[in-house]
Amino acid sequence: MRLSDVACLRGGRMLFRGVDLDLKAGGSALLAGPNGVGKSSLLRICAGLLPAFAGTVERRGGVALTDERLALDMERPLRKALGFWARLDGVDDGTLDRALDAMALLALADLPVRMLSTGQRKRAMLARVIASGAAIWLLDEPGNGLDNASLKLLGAAVSRHLAAGGIMLAASHQPLPLADHARIDLRIHAAEAESA
Amino acid sequence: MRTMWLLTRRDLGQAWRSAGLWLPVAFLLLVASLYPFAVGPDAALLGRTGGGMLWIAALLASLLPVDRLVTPDRDSGVLDQIALRGIGEELIVLARLIAHWLGFGPPLMIATLPAAALLKLDGATVILLEAGLLIGTPALAALGLLVATLTAGLRSSGALAGLLALPLAVPLLIFGAGTLGDGSGAALKFLGAASLLLVAITPFAGGAAIRAGRE
């Protein structure tokens, strides 16, 4: 995935400009910066959900995104709600079960989604990302609401993904349990946007 | 094709679980049972005006599910997650249109039978009414879905959807109710044309509306 000179205009305000990023297989980067600086917008631009105001985004491979929105059917059991996305992604039940296991959700698989707690919902969204088999993971605040044990699970899942040649771009205020990743401070790019 | 089937089945399942399928049916039956109280129990008058009244009821019933068609999935991120998988918004809307019609058209046509009995409609009128609804309900479903995509994310979208849909529904009402008093079958053909037009433009217009409404 490669971003070159990406700028983002939201509501008539230039949030940031001049963002360059080149992530090769196994590469990861962490977006930093205060609230409202445009971390989520950049992730949505990377996902292709928002057009970049300027610059180009090149992607090869599928994309998986988690943000603050659950996108699971509340009344259905967790396994069935995630199963809809798994079938849409064309992956089998075994892959989904492994993803549930990776997020320690197997015991909760038959509970309706509405019964799950905040952290459990977050883990369910991460399980969808893991099961999707997408090469590019875009994680928006993946550590929010997770306890220490779950954070470790997340770190392990990301490490496996990167070791298998995947790519991860995350926006997070919490330190994620990851060894080496590039760091992009959007504050610098926001300042560029203001001075221009 | 498989994607289409998965999306349609999920949308239909969601409609079933939210119990929204009964709303238009209950509305139609309620109107049909209130109407004789308003105009009196004169069988000849009821038989003459009842068919047109049922068309108005069907039209208004099609507005009831509008706020559950798109807004919940837009707010919960479902539409974005589907789009991430490289599935076009047009396909999303088309699948939703099929699911919405399946959950709206046939139940309404079945509910029309007891409603017609309440209004003392004769057999020939009931057959014309059902034929008209078979052709017209896809258009009503498409119109409801179209205004749902256009108003998704706006405040008081339900009221706005009514204001948007009703003027566009006038041709359907004219030709639909027109089939009842028309021996030549021309009204039925015009109804078919209006229906085809609405069904054909809804996936494209709705898909564009979802894309434009993305934040």
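Just so it is clear: chains get the letters A, B, ... in the order the sequence lines come, proteins before strands, and each one is counted from 1.
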I need the minimum non-hydrogen distance between A:Leu49 and B:Ala83, along with the two atoms involved.
CD2-CB, 4.1 Å

A quick test of your reading: do over 12 heavy atoms of other residues, nucleotides or ligands sit less than 6.0 Å from [atom1] of [X]?
X        : atom1 : value
A:Arg2   : CZ    : no
A:Met115 : CE    : no
A:Asp93  : CG    : no

Which portion of B:Ile87 sits near chain A, non-hydrogen atoms under 4.5 angstrom
side chain

Toward chain A, the part of B:Arg9 with a non-hydrogen atom under 4.5 Å:
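Side chain only.
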
Roughly how far apart are B:Gln14 CD and A:Glu75 CD, rounded to 0.5 Å?
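With rounding to 0.5 Å, CD (B:Gln14) is 8.0 Å from CD (A:Glu75).
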
About how many Å separate CZ of B:Arg214 and CG of A:Leu50, when rounded to the nearest 0.5 Å?
8.5 Å

Counting heavy-atom pairs under 4.5 Å with chain A, the top scorer among B:Gly13, B:Gly77, B:Ser18 is B:Gly77

Could you tell me whether the side chain of [Y] reaches within less than 4.5 Å of the side chain of [X], counting heavy atoms only?
X       : Y        : value
A:Phe84 : B:Leu7   : yes
B:Leu84 : A:Leu138 : no
A:Arg44 : B:Asp80  : yes

Under a 4.5 Å heavy-atom cutoff, which of A:Leu70, A:Leu65, A:Val63 has the most pairs with chain B?
A:Leu65

Could you give me the CA-CA distance, side-chain angles and deciding distance for A:Leu88 and B:Arg10, then say whether side-chain contact (heavy atoms from CB on, under 4.5 Å) is met?
CA-CA 11 Å; A:Leu88 216 51; B:Arg10 185 237 167 212; over 6 Å; no

Closer than 3.5 angstrom, by distance alone: can the side chain of [X] be matched with the main-chain N or O of [Y] as a donor-acceptor pair?
X       : Y       : answer
A:Arg69 : B:Arg74 : yes
B:Gln81 : A:Ala64 : no
B:Arg2  : A:Arg87 : yes

